[in-house]
Amino acid sequence: MSSAQGNETLKQPTRRTWIKWLGTTPLAMLVGCSGKPSAAFSGELLQPDLSVGHRIRDGWKLPQPTGAPSKHAVVIVGGGIAGLSAAWELQRQGIQDVVILEMESTAGGTSRSGKWEASQFPWAAHYVPVPMSFNRDLLELFQEMNIVTDVSADGQVTVAEEHLCREPEERVFHQGRWLEGLYPASIQEIHSTDRQQLEQFQLQMNQWAQRRDEQGRRAFAIPMQLGTDSDPEVIQLDQISMAQWMTDQGYDSEALRWLVDYGCRDDYGLTLEQTSAWAGVFYFASRLSGQANSIAEMESQPVMTWPQGNGKIVQHLSQRFAKQIRTEHAVTKITKQPNGQSMRVTAYDKARDRMVELIADDVVFAAPQFLASRLIDQWQQAGRDATTFQYGGWVVANLLLKARPSESKEDGLAALMAWDNVICHSDSLGYVNASHQSGADHGPTVITWYHPLLKDDPKLSRQTLLQMTWDDWAAIVLADLSRAHPEIETLIQRMDIMRWGHAMIQPRVGFMFGKQRQQAAESLGRIHFAHSDLSGIALMEEAFARGVAAARKCGAS
Amino acid sequence: MINRAPNYLLYLNVLVIATCGLIYELLAGTLASYLLGDSVTQFSLVIGVYLSALGIGSWLSRYVDTGVARTFIEIEIAIALVGGLSAPILFIAFAQIAWFRILLFGMVLLIGILVGLELPLLMRILKENLDFRELVARVLTFDYIGALMASLLFPILLVPHLGLVRTSLLFGLLNAAVGIWGTSLLRPLLSQRSVTGLRTRGFIVVGILVVGFIKADSLTSLSEEVILQKPIVFTQHSPFQRIVVTKDKENFQLYLNGNLQFNSRDEYRYHEALVHPAISSRDQVHDVLVLGGGDGLAVREVLRYPSVKTVTLVDLDPAMTSLAEKFPPLKELNQDSLNDERVTVINQDAFVWATEQQKTFDVAIIDFPDPSSYSVGKLYTTRFFQMLQKVLNDDAVITVQCTSPLVAPQSYWCILNTLSASGFLVQPYQTSVPTFGVWGFAYARYTGTDVSDTRPWQSRRALPDGLRYLDQSTMQTLFQMPADIAPVDVKINRLNDQVLVRYYEQEWGS
Ligand SMILES: Cc1cc2nc3c(=O)[nH]c(=O)nc-3n(C[C@H](O)[C@H](O)[C@H](O)COP(=O)(O)OP(=O)(O)OC[C@H]3O[C@@H](n4cnc5c(N)ncnc54)[C@H](O)[C@@H]3O)c2cc1C
């Protein structure tokens, strides 16, 4: 037992961190020890498999297909969340003869995960907010996974405790200290205009959450297709940037603008200036039930997370469809069969270095739009265009730590590593602790560091991304983390770095309600599109909803 | 050869040397009796070894032929290093090595020999200037005055204000200063080369001791000693927490991260109240789980029942359980419970342990620290209590320490409500422990599938021998909750909000 009993309490004196970790080294070893630890770790520089894509782009002559084509009810192109969800829905409808073609060696796309002895860890997507009761399909998936245990008649969603992100959920490093939550000022110190604006902002988001159009649809719903597409005030938000909108509304509090900018970078990989105000508001309003009567009651949907991030969902689905998934199969062409009744999908089987052909009644195209023009024969003839579909580049580093960074007593409850650890005024988004959800607070862990590339032209971002070496990135990761954890270098045992070139769709100004996005979601004959980019916002729920919707279009004729 | 003027300075030298010598001896004796217990034996052994080492040193001095002055200063610097570092080294070593006694007496021997060499050499240096009768009289007088000063300073000033580690380093520095100063006093007797060499070494030793002084903060910080107002006899910075043991006259106290865990004076009240209401309320108890409680004191109470076949102790910190197994005063207090063959010690976070556990238990005793941080707060959540049920047999009984219901009513009732919400049948009870005040516990039964079973706590067997506080009728009274500890309206502690940690911070925070 322990008590913080009055006179027996012992206040830790202020110590600089180095003295603290010297404390664990025997005295004798200290004498003459130099300050600079050796960078005794290494790691790999990774990226999605570009070999086939780039070769096709550069005019590669493909080998001739061998053998007779196989026949299937549905062929799904791409084994990300969207593709896997399409398979899930097809199975619910009793359509069994389904094949998923995935070019990587594992399914999952941007929701895939990795595993070291210390923990599993995400390679990109790492959480999902608890779906609201109207997102029925997704709730069904989570019930099947025993994550959601109950959805009551009045819409209460119950989630098994271990799947909800445990406290401490997030903390922010600001002016040399960790603070609980994400707001970069402690409650005691918060300036009155800052507080006023924060409250005003929250109230306004709650109003957006309460707003319904003439058909009774929410202004901002997840998935976004369930929200309004007719409310002019909502649609107009897409015409300006979030920065502009905040200025128009009189939000000049630096702390608030940082918080919203952080939200945009976190969910969209865009700055406040680059993000469509529709998406900026969506980030907050779509996660509020709108039922709160006061600020105190106002809480976003709780977050569900797992050590492997959304890899948890990928694992569930890919286990179920283990027989249907063909990995290392990169689709190179999708054409209409001469009879006009079915589709021919050609894919390069990397492992065997050969071409395969599949004939399908329907095709679910669950790869991103920017590939559609290259892979689908009739796409351009149909007058389609995807030039406004822009994808941001991201760098994600997974770091194996042999122990946790030291904690400072002055940080109080924020001293303990949280799930999400954000460094204020950094280009990165900070890091997520993979072993958080397993309940381990000590010993080795894996942390996942996120960094969106924020150049106005995503092509330039991608160039930077590809030019830089492992050493370059490792130095950036170290410099960033060292701000909050000066001794981090001595704790790292391995650092693998993933470069995502076309990581996620970007909801820039005008994209959400532009013509291209609307058109892209429409089927092209027997090809039904399903990818999170159709929603303009890269979320698991969107990928899932798009997959389910595409599956429902199969077998229509 | 040397000027007459600095002669009295050389006597001052004798004084310092003598004081330092005795201080090192006292330090070793005190540390030995703090750490190993049985102060009479430890002190007489240390004195015996030290005195005989002085003899060896004196005898060895005859082998020093040339360069007497240089050798003298050389030895001075060596004593500064060894003596100055003696307490910190012993302090650190105690927690880390098995051959602590060998190290202890080895150091006493070494310091003794070096100190033993000093005076004969100094007398040989001075004999050039004084007649023998005068010399012996003066040197020995100063030697004994130094001893007197040391024995007065040590208990009155040094231990209470500086602590053992800093005292040791401080006298090391004094010794080194004397050595360096000696290079100018005895300048005429030294070559230029040896002066440079000696001074370099002298300053290196000073540097080491100064580093030690700075670092001493992580062993025993000054403020710690001042706040605790008791001599610190043991500290360790484990990767999980800071462990500090203090000692006053008869008793010792254990602190984790600055929070008092127990005082040996009255811990039996707490541990008897924690353990016996659980075990005595069940007919058969074979397998007992103790969570937290790395001090082995709850296990001591459990082992009083001959029917107990296995005890599994899960405590996060190996440093804590190994202290309970090896640190003599604690080992004595817990009656060597952790070395009992029925006991298995597992060093793991109980939260992680519970997810992986197969074995099941009849009784669980939960003795976690108070929920002052999220990493401890998670061990009081519905999630944790539900995981715990998976390792309990049907009709298992648990007791939980729940902080003070008087100081922290919201925290207390939050833990009880959380237990109920997790499916336990819960009853509050309390006791008073002078060091802590009124302390609260929860008695909870896991009835498994049988929900109709709502029997309250009842003693079902005789209490074991050896209890100092509880008997059957006292145990009944623990369950009578006074009016000032009435239930309050609080939320349930869930993993994803951990309200308990906030209640606790409000109620205990300064
Ligand atoms: C850094 C980062 C962090 C993120 N964090 C979150 C988060 O926390 N929560 C959240 O909900 N979302 C997050 N996302 C968004 C994430 O992208 C979506 O949740 C979701 O995984 C998107 O799935 P998808 O199926 O639409 O697309 P993708 O994941 O892009 O899947 C497309 C799949 O198609 C395959 N493919 C492409 N071309 C071909 C071809 N020619 N032949 C065969 N296969 C092909 C790809 O290999 C890939 O597996 C994050 C994204 C990134 C980049």
Side-chain angles (χ1 to χ4, degrees), chain A residues 1-15 19-28 30-33 130 159-169 180 299 302-305 402-404 406-407 409 412-419 435-443, chain B residues 85 88-89 92 96 208 211-212 214-215 217-219 221-224 227-228 237 239-240 244 255-262 270 292 316 349 351-352 355 367-370 372-375 377-378 381-383 386 401 403-404 407 435-437 439 494-498 501 505 508-510:
Chain A
M1 73 184 211
S2 121
S3 82
Q5 197 145 5
N7 55 355
E8 299 284 6
T9 306
L10 204 161
K11 278 220 183 69
Q12 198 77 12
T14 316
R15 284 202 208 113
I19 295 182
K20 209 178 287 172
W21 60 263
L22 286 182
T24 57
T25 338
L27 245 184
L30 270 176
V31 183
C33 118
V130 174
V159 175
E161 202 169 341
E162 66 268 33
H163 303 293
L164 292 173
C165 182
R166 85 171 157 106
E167 280 285 25
E169 188 169 323
E180 282 197 277
E299 271 190 53
V303 160
M304 306 187 295
T305 188
K402 64 178 181 212
R404 314 293 166 112
S406 63
E407 295 170 8
K409 253 203 158 173
L413 289 179
L416 185 72
M417 189 185 278
W419 169 64
S435 68
H436 180 81
Q437 207 58 12
S438 64
D441 288 313
H442 308 277
Chain B
L85 291 179
I89 286 178
I92 296 169
Q96 310 202 332
I208 293 174
V211 169
I214 297 170
K215 209 192 104 64
D217 222 41
S218 67
L219 286 178
S221 78
L222 259 179
S223 56
E224 229 169 34
I227 288 165
L228 299 176
H237 229 129
F240 306 101
V244 173
Y255 294 81
L256 296 181
N257 290 334
N259 297 322
L260 180 64
Q261 302 301 297
F262 68 77
Y270 171 89
L316 180 62
D349 189 321
F351 195 94
V352 179
T355 49
D367 193 16
F368 291 130
D370 278 4
S372 60
S373 76
Y374 295 116
S375 58
K378 72 182 179 214
T381 55
T382 40
R383 171 69 184 153
Q386 276 160 3
Q401 90 82 5
T403 192
S404 167
V407 179
T435 314
F436 290 115
W439 210 257
R494 300 194 189 280
L495 201 53
N496 58 312
D497 57 14
Q498 293 222 27
V501 175
E505 204 195 22
W508 280 107
S510 35

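So you know, we letter chains A, B, ... as the sequences are listed, proteins then strands, and number each from 1. Below, each value reflects all heavy atoms present in this structure, side chains not excepted, and no hydrogens, waters or symmetry copies.
- The two residues N257(B) and K409(A) come nearest to each other via the heavy atoms O-NZ, 3.4 Å.
- Using a 4.5 Å heavy-atom threshold, the side chains of N496(B) and E167(A) count as separate.
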Next item on the list: List the steps and the verdict of salt bridge (Lys or Arg N to Asp or Glu O under 4.0 Å) for R166(A) and D497(B).
Entry: CA-CA 7 Å; R166(A) 85 171 157 106; D497(B) 57 14; over 6 Å; no
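- Going from atom CZ of R494(B) over to atom CD of E161(A) covers 6.0 Å, rounded to the nearest 0.5 Å.
- Taking CD from Q498(B) and CG from L413(A), the interatomic distance works out to 9.5 Å, rounded to the nearest 0.5 Å.
- Heavy-atom distances place no part of E169(A) under 4.5 Å from chain B, backbone and side chain included.
- Residue S404(B): no heavy atom, backbone or side chain, is found under 4.5 Å from chain A.
- Residues forming a side chain to side chain donor-acceptor pair (under 3.5 Å) with E180(A) (at least two apart in sequence, or on another chain): Y374(B).
- Between chain A and the residues T381(B), T355(B), V352(B), the most heavy-atom pairs under 4.5 angstrom are made by V352(B).
- Legend: residues meeting side-chain contact (heavy atoms from CB on, under 4.5 Å) with V130(A), ordered by chain and number and at least two apart, are V157(A), V159(A), L164(A), Q301(A), P302(A), M304(A).
- Residue S375(B) touches chain A through both its backbone and its side chain, counting heavy-atom pairs closer than 4.5 Å.
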